[in-house]
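Quick notes on the structure that follows.
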Amino acid sequence: MTAELCLQEIQSCKRLSIGPTFTALLGNRYGYRPIPRLIPENEFELLLSRLAKDPDVTESEIELGLLGIQKSDPRAVLFVRELPRLRKTDSQRSFAHFMDVTADGLVDKEAQDLLSSLKSRIYALCSGFVNLHCVELSKAGIDPGCKEHKQYLESLCEQFVSQMKAKISRAAAPSALTDGTGGAEWGWLWQEITHHMLLSKAKCAVFCGRDSLLGKICLAMWETTNSYHEPLVVFGPSGIGKTALMCKLAQEMRGVLGPKSVVVLRLLGTSPLSSEIDSVLRSVCFQICGAFGLSLPTSQTVNTHEDLVRFFHGLLAKVSQQGDSLLIILDSLDQLSEASHAHKMHWLPKEIPPNVHLVVSTLDSGKPLLESLRGMIVAQANFFEVEQLTADQGRQIVDAYMNAVGRRLTPDQCDVVLRSFQHCGHPLLLKLNLDAARQWASYTQVSELQLGSTTHEAISLLFQRLEKKHGRQLIGSALGYIVSSRDGLSEAELRDVLSLDDEVLADIYQYWLPPNPALIRLPPLLWSRLRHDLGEYLVERQASGTNVLGLYHRQFTEIVKERYLSTERKAKCHSVLADFFLGCWSQGRLKPVFLSSLKTKLNADRKVSSQPLWFAQGVANSRKLRELPYHLIHAGRWEELQQEVIGSTDWLCCKTLTCGVASVIEDLSLCTEVCDCPQIQLIRDTFLLLKPTLDFIDGQMDPCLFYTEIFSRLHIFTEMYPSLIGHLCSQCQDWFASCPNPVLVPKCSFFQSPGGALKTTLTGFQKGITAVDLCSEKGILVVGSEDGKVIAWNLDDLEVVQTFIGHTAGVRCVKAIDRGARCLSSACDERAIICCTVGAQIKAWHLETAELLFQIAGVEGVVPSILGVLNGVVATLSPQGHLRLYNWSTGLEKMQACLSTDQQALTPTCMLTLQRHDKLVIGSKQGSLHLVSNHGRQTVTQLLASVTFLATSDDEKLLCAGYENQIAVFHVQVNSVQRFLPQAFQHEDTVLTAVAPSHRRVLVTGTEDHTIWIWCLSTGNLLDSYMGMAAPVTTLAVYGNTVISASSSTYYLKLWLLDYNHKHRTNNCFPASGSLVTLSHGGDRVYFLKHGDRKEVVIWDYCTGKSTEAITVSAEVCCLELAQHKKLLFCGVKTGTILIYPLACTHETLCIPPPETLPTVRCMAINHEEDRIAVAYEDGISLFEITVRDHFPCVEGPVEKLSLSLLHAPISSMGLLSDCRLLKGTECGEVMMYDFKNATSVSLDGHLTEITCVTLSNRGTHALIGSRDSVQRLWSLSPLELDYTMEYKGFFFEGVLCAAFSENDQFVYTGSQDRTIKVWDVTSGCLLAVQYVYASVTKILPFKDGFVAVSQLGHEAFLTEPHKV
């Protein structure tokens, strides 16, 4: 048995190690030659002759570990020692430790001959790396005190250490590792395919029955070969034989589909690469690509879950297009880990293309996988249930199994096995009983046989046998730790954890002390014996890139929990595992243990591996990151959890970088489920807000971004929650201070804080959102975009369910159907449209068959508009207001009516179908609402202005009509609509959309000024408002407590909470959505135009979060400038007038009259001293002086003028120097320096697009000129020459919008269209730092050691650290 274990350990080393796998120290003893433990029946009569030829243990080990390797790349270390002067005939008992001797003390000649033969083979095969040592023995053998022996030992040790280091380093080098992402390294894939093929072959070896079920599945595949179809699902109870059936199906279909077909089989959970959905999809994609010669996925694709899923779906379509046959079989979906929300089945294709088949299997109970599959797959004929085996089939399996293992049962023993099987007919029970029966002897009495009549009983009996052999303490602890772990434990981890368990060690050392009382560990042989006896019931899976151990079947896990893990023991297991992953007893720390039976207490080193957060630069301890939070939570060790995990920025940053932000959210969600802690909830919400940013930049997170986000969002809670959040913010500040790289340090919270209204942001598009539909029953949100993409989200877990990329133009409409299982979409490319207008006709097609159902010609060439479908009737409306109703099936006209009257024409602006009432609602430009039935009857309600949109509640009881900045709400009755409230809901700007959820008594509206409004339907009062959309709100939806907002101008959706803690509400945002904004030097006042009213300037107090004053201007304002020191606000208006408001007394208005032609003011520029201002008109530029008379400011001039030709491009930006030189840029990209003193001009290098900013340094030595094409040029002004051209391309958008020099002119800050602020070094022109701020930055103003910036989301402030940059 020991020899067999040794050989198995060598096999395990060769399988697991990427470096050295075997070390041989061969001296002059041949070694022990045991009698074989297992003797074949046909060799029993030849026992004696066979014994003499069996090799010893050492030779068997060398044969397995050494002689089979390649000479060119050995993974073994070999040392051979020769004793040159020792004769075989010498009788020297003192040398018995160094060579084989007989019982009478003579050298064993036979053993020495075998040894010589072994060494000869070694010298012949391993001459390139054998280390040969010759040494003479002294009377004491090897004596370290002897000089020659000392040198021999030192040389041996030095060679061993150096060679092992070299082999490990060579194996660990990046070039030696197989990453599995392409190239010539396919070994990992062949190993994975081979594993499943061999396991499948073993399952099929004893497969019997199921012919009818196999036939039904094969027939279902054959019938759908040439059409699109859904996956097939095999289901049944645990242990019923689903895996064997799937293996047999794979075997049969290889012959059915033909020689050119490909069958991909994965028995999930049976190998390291088949336990996580990403590794499964990766291996499947590589196998398919290799089989059909298709392009492999990129490294970025295989490392991003959503990209990998998208690639997998597209791969199936490519195979189908080539006309190739492909069958994918995924067995035991319930064995997948929960990583990437695999159990929610978002990754599974809902529709399979022709020539491709997908068959999956799962449990019929437990995890809700089958329920999810039934919700996804419409055809119930695609579900196949596996039923119990019959007694005859059981007998066939018994015979096949025993033949396969080379054993026989007596008739009585066979009857015992079959009687136990007949109780439930489950193959798993039969396998367990047969595994037990193969250990019986032929003479074992039937009365002594113990078999389970249920699977639960059979597993319990297995554990009883193991306990009898290995002890209950060791069995219970080993299996308990595996089950208690989050994803399983590696063998090394399990041995370490068992060595930390004092109860296990006390049980082992009941009768004797450990060999070394200062070092106590689990004896390796104990685990090897247990591992051997568990056999295939212990399987390897993959977790966090590591091979870990798990149990063979879910029922094993359930019984381990029931048998060994009481509440107290479970908590203790989690605590020991937490100690291990914390590294509490590593690096020589002594852990006491009390050996109760010996009444001895020892303080010993357990020699467990250390658990640093980072093993090396860029190599994180992913196992610790995954397991530690789980065990601290379940051990109830909250203080350590807060200190080591939740309250550690090092941990949070490391896990975000290594495992992704979703993994951090998973841990924090687990905390909130167990403990109701507001601080943890806020931290979790912070990462939910951070996730879209990382998704937006493809997960390439810089630590600077992480610390800035965390500090900015949580800073306002430091006083409220000092213990945890305050500690996190303190760590962020420490990181800012110690960061060796340039960094922007936030001075205040300038991002949306957690715990407020904003829940998260959904991204995935590149253009604006054009269509949204919600299936409330399943929580599925379907969204279409201008870029032609359609994405479906599950709102319960915020995961992408499906991405559709079939459209080539902007999506105009989406509709979720079949309870969220399918969706329809229409776009400008006319795909997937059921009914549309073509020329002067209306045509209708059958969606599935593409059959033209009917066509309707327009009257007198006039094209009617399709209003909708009412109970089998198609309604159309002509421009003259004629309503016609047509039969949906035949296209025959049923009736017509005229909605226009002699007194009032009808110009339709919007339409809404009320399916439950069989009515249409039509809104018109004339302000009328028409309620039309399918019989042509109508009622009319008049509003005050043109109706811009219509919306209804889910139950169609309420109707909302928007007009200008108001919304009227009506109660829908049988034949009319009645006002729900007498007054309309009044807004500050144009209303664009509304939604009235039937489960809440609220009205949610969206307006042009980027604001979402929440109204009480009962009273009409305003309850709340959300700012931060950064675009006009064009679409709204409500799911439960969540408001979904979208805009046709933005690529993202935002999710808001109706119910949230209002003390977490951020009040310092202001509604500055346009580019015309300026601010005071300290940032405490912001000046901007009111959205939708360019004649009103709003003054906003940042500290209070409220508007303090509004300045009404006589004409539309075109530009704003602020003289900081003189506190003057300059407003350039469309009529050419410059209005000047002293901030101390805004009602005292100064005025610069317009030129005679009344040209529009294009832009203004004030010099650094604030004594001159340049004003650019459409036809020229004027220079004015700013002076003071009688302590009151005044403006004189123009003192200089510059006329512009009619062909001159409009001025877009200017900068005025103290010496009256003017830098000006145009909309065409031209740049020119004009000197007012001598009336000369110099042209500078132009740009390809509009000049968006001309910014001068404080000392007037440099100028930064930026344009929309993201090119920036830094000019030296004395003399005038170009210093640097600085280009930067952002995420989706580009272009510089504003800039400012630091007060010491060392840096220049730029705000860009790509939603970033950048810091550049003036001396070198290098980019020093980039900060993503979620919205376009429209204004930057420097102050000491930093700057204040304004974006379309509100007011942001940064503090740069000069000594860092």
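Every value quoted in this text rests on a predicted model; they were computed, and no experiment measured them.
- With hydrogens and angles ignored, the 3.5 Å screen pairs no side-chain donor or acceptor of T658 with any backbone N or O of K655.
- The CD1 atom of I482 sits 11.0 Å away from the CD atom of E493 when rounded to the nearest 0.5 Å.
- Side-chain N or O atoms of Q413 include one that pairs as donor or acceptor with a backbone N or O of T410 at under 3.5 Å.
- Residue L369 comes nearest to H343 through the heavy atom pair CD2-O, 3.0 Å, listed as atom of the first residue, atom of the second, then distance.
- Distance check, rounded to the nearest 0.5 Å: CZ of R529 to NZ of K469 gives 6.0 Å.
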What verdict does the side chain to side chain donor-acceptor pair (under 3.5 Å) test give for E558 and H456, after you've listed the backbone C-alpha separation in whole Å, the side-chain angles of each residue and the deciding distance to 0.1 Å? CA-CA 9 Å; E558 295 167 1; H456 185 284; over 6 Å; no
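- For the pair R495 and F580, the NZ or CZ position fails the cation-pi test of under 6.0 Å to the six-membered ring centre and within 45 degrees of the ring normal.
- Side chains of I475 and Y564 form a contact here, defined as non-hydrogen atoms less than 4.5 Å apart.
- For E491 and W527, the side-chain atoms include at least one donor-acceptor pair closer than 3.5 Å.
- In terms of modelled atom types and a separation under 3.5 Å, the side chain of R407 and the main chain of W440 share a donor-acceptor contact.
- At least one donor-acceptor pair under 3.5 Å links the side chain of D334 to the backbone N or O of L363.
- Contact annotation: the side chain of V674 approaches that of W638 to within less than 4.5 Å [non-hydrogen atoms, C-beta and beyond].
- In this structure, CG on L389 lies 4.5 Å from CD1 on I397, to the nearest 0.5 angstrom.
- How far OG of S453 is from CG of L429: 7.5 Å, rounded to the nearest 0.5 Å.
- Side-chain atoms of L625 and C654, non-hydrogen and from C-beta on, do get closer than 4.5 Å to each other.
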Test Q464 against S460 for side chain to side chain donor-acceptor pair (under 3.5 Å), laying out the working first. CA-CA 6 Å; Q464 284 181 20; S460 298; over 6 Å; no
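- The shortest side-chain heavy-atom distance between K572 and L577 does not fall under the 4.5 Å cut-off.
- A donor-acceptor pair under 3.5 Å is absent between the side-chain atoms of S610 and the main chain of S586, judged by distance alone.
- Two residues are said to be in side-chain contact when any heavy atoms from C-beta on lie closer than 4.5 Å; L565 and C573 meet this criterion.
- Two residues are said to be in side-chain contact when any heavy atoms from C-beta on lie closer than 4.5 Å; D507 and E503 fail this criterion.
- Between R486 and E666, at least one side-chain nitrogen of the basic residue sits less than 4.0 Å from a carboxylate oxygen of the acidic one, meeting the salt-bridge criterion.
- E192 and S283 are not linked by any side-chain donor-acceptor pair at a separation below 3.5 angstrom, with hydrogens and angles left out of the test.
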Side chain to side chain donor-acceptor pair (under 3.5 Å) for S575 and H631? Distances and angles first, verdict last. CA-CA 7 Å; S575 188; H631 298 302; over 6 Å; no
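- Tested against L551, the residues I459, T557, I559, L534 include a single side chain to side chain contact (heavy atoms under 4.5 Å, CB included) partner, T557.
- Using a 3.5 Å distance cut-off with no hydrogens or angles, the side chains of Y630 and D667 do not pair a donor with an acceptor.
- Between the side chain of E627 and the main chain of D487, a donor-acceptor pair closer than 3.5 Å is present.
- Atom CG of residue L428 and atom CZ of residue R554 lie 9.0 Å apart, to the nearest 0.5 angstrom.
- K201 NZ to T194 OG1: the interatomic distance, rounded to the nearest 0.5 Å, is 12.0 Å.
- Nearest heavy atom pair, residue G452 against residue L461, reads N-CD1, 3.4 Å.
- Taking the charged nitrogens against the carboxylate oxygens, K242 and D331 have no contact shorter than 4.0 Å, which rules out a salt bridge.
- Checked for salt-bridge contact, R637 and D579 meet the test: a charged N lies under 4.0 Å from a carboxylate O.
- Of the possible polar contacts, none joining the R438 side chain to the R408 backbone as a donor-acceptor pair under 3.5 Å is found.
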D496 and K591: CA distance, side-chain angles, deciding distance, salt bridge (charged side-chain N to carboxylate O under 4.0 Å, His left out) verdict: CA-CA 13 Å; D496 280 351; K591 186 175 189 291; over 6 Å; no
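- The list of salt bridge (charged side-chain N to carboxylate O under 4.0 Å, His left out) pairs with a residue in residues 451-463, not counting sequence neighbours, is empty.
- Listed for the S499 side chain is no donor-acceptor partner under 3.5 Å among the backbone atoms of R606.
- A distance-only check finds a donor-acceptor pair linking the side chain of H426 to the backbone of S238 [under 3.5 Å].
- Among L505, I520, V593, the one residue that satisfies the side chain to side chain contact (heavy atoms under 4.5 Å, CB included) test with P514 is I520.
- Salt bridge present: E467 and R563 bring a charged side-chain N and a carboxylate O closer than 4.0 Å.
- A salt bridge is absent between D605 and R521; no separation between the charged side-chain nitrogens and carboxylate oxygens falls under 4.0 Å.
- Although no hydrogens or angles enter the test, the distance criterion places a donor-acceptor pair under 3.5 Å between the side chain of S566 and the main chain of R569.
- Between P592 and K601, some side-chain heavy-atom pair lies under the 4.5 Å cut-off.
- Using a 4.5 Å heavy-atom threshold, the side chains of F463 and K468 count as separate.
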